[in-house]
Amino acid sequence: QVQLVESGGGSVQAGGSLRLSCAVSESTYRTYCMGWFRQAPGKEREGVATIRTDGASSYADSVKGRFTISKDNARNTLYLQMNSLKPEDTAMYYCAADKSTLYGCWIGSLLRLPYRGQGTQVTVSS
């Protein structure tokens, strides 16, 4: 069982930045896939970014060029650097992980990853 704990959410104005963190209970080096998805009120969950054990990453079109996913294997922590935030980025952000290669590691498989955190709220005002 992999436990994930998100932090770093908050309220910012449009154009601002936030960095989300996700503390992982097991080695991020050995975790095949990790990523972030989000859910806004009344909307479906949306995959945001993934990072594979070898460092390869993928992003949703809506965040490309603005968000950067990374991980610190020494700290077993996953990050999401969010720049140029827009009001439409407002959502609860969750980290997710999978130790197996069963679902692959791309935006489309994020919502199937078995391990998830409790989420951290991001609110962007105009």
Side-chain angles (χ1 to χ4, degrees):
Q1 186 79 5
V2 179
Q3 295 182 338
L4 308 169
V5 180
E6 302 94 337
S7 61
S11 297
V12 295
Q13 290 191 327
S17 298
L18 281 174
R19 187 178 79 157
L20 305 184
S21 299
C22 175
V24 185
S25 64
E26 297 192 15
S27 169
T28 53
Y29 178 74
R30 299 182 185 280
T31 303
Y32 173 68
C33 183
M34 294 183 290
W36 295 90
F37 67 94
R38 64 188 181 186
Q39 187 166 25
K43 294 188 177 181
E44 293 186 355
R45 290 174 297 177
E46 175 190 20
V48 174
T50 66
I51 187 165
R52 207 167 55 190
T53 187
D54 62 357
S57 59
S58 65
Y59 296 90
D61 287 343
S62 58
V63 306
K64 278 180 183 176
R66 300 189 298 122
F67 290 10
T68 303
I69 190 170
S70 63
K71 60 185 176 124
D72 185 335
N73 291 332
R75 297 177 183 270
N76 291 335
T77 302
L78 176 71
Y79 300 102
L80 185 68
Q81 178 67 43
M82 305 185 296
N83 299 328
S84 302
L85 282 162
K86 304 175 181 179
E88 51 263 44
D89 294 318
T90 295
M92 185 73 81
Y93 283 71
Y94 302 87
C95 61
D98 193 0
K99 296 196 291 184
S100 81
T101 61
L102 178 63
Y103 300 110
C105 193
W106 57 294
I107 292 299
S109 64
L110 250 180
L111 301 183
R112 288 191 270 179
L113 300 189
Y115 304 112
R116 301 171 181 179
Q118 295 300 308
T120 186
Q121 178 67 38
V122 171
T123 302
V124 184
S125 58
S126 57

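Every residue was checked against the side chain to side chain donor-acceptor pair (under 3.5 Å) condition with Thr53, not counting sequence neighbours, and none meets it. Under the rule for a salt bridge (charged side-chain N to carboxylate O under 4.0 Å, His left out), Lys71 has no partner lying at least two apart in sequence or in another chain. With sequence neighbours excluded, no residue forms a side chain to side chain donor-acceptor pair (under 3.5 Å) with Thr120. Residues passing the salt bridge (charged side-chain N to carboxylate O under 4.0 Å, His left out) test with Arg75, sequence neighbours excluded: Asp72. Residues that satisfy the side chain to side chain donor-acceptor pair (under 3.5 Å) test with Glu88, not counting sequence neighbours, are absent from this structure. Asp98 meets the salt bridge (charged side-chain N to carboxylate O under 4.0 Å, His left out) test with no other residue; sequence neighbours excluded. For Glu6, there are no salt bridge (charged side-chain N to carboxylate O under 4.0 Å, His left out) partners at least two apart in sequence or on another chain. Among residues two or more places apart in sequence or in another chain, the side chain to side chain donor-acceptor pair (under 3.5 Å) test is passed with Thr101 by none.
Under the 4.5 angstrom side-chain criterion for Ile, Leu, Val, Met, Phe, Trp and Tyr, the cluster partners of Met34 are Val2, Leu4, Val12, Leu18, Leu20, Val24, Trp36, Val48, Ile51, Tyr59, Val63, Phe67, Ile69, Leu78, Leu80, Met82, Leu85, Tyr93, Tyr115, Val122, Val124.
Listed by first and then second residue, the salt bridge (Lys or Arg N to Asp or Glu O under 4.0 Å) pairs involving residues 7-34 are Glu26-Lys99 (not counting sequence neighbours). Screening residues 97-126 for disulfide bond (SG atoms under 2.5 Å apart), with sequence neighbours left out, gives Cys33-Cys105. Contacts classified as disulfide bond (SG atoms under 2.5 Å apart) and involving residues 63-104 (residues at least two apart or in different chains) are given here: Cys22-Cys95.
The shortest distance between side-chain heavy atoms of Ser27 and Asn73 does not fall below 4.5 Å.
The residues Lys86 and Asp89 are annotated as not salt-bridged, no charged nitrogen and carboxylate oxygen being separated by less than 4.0 angstrom.
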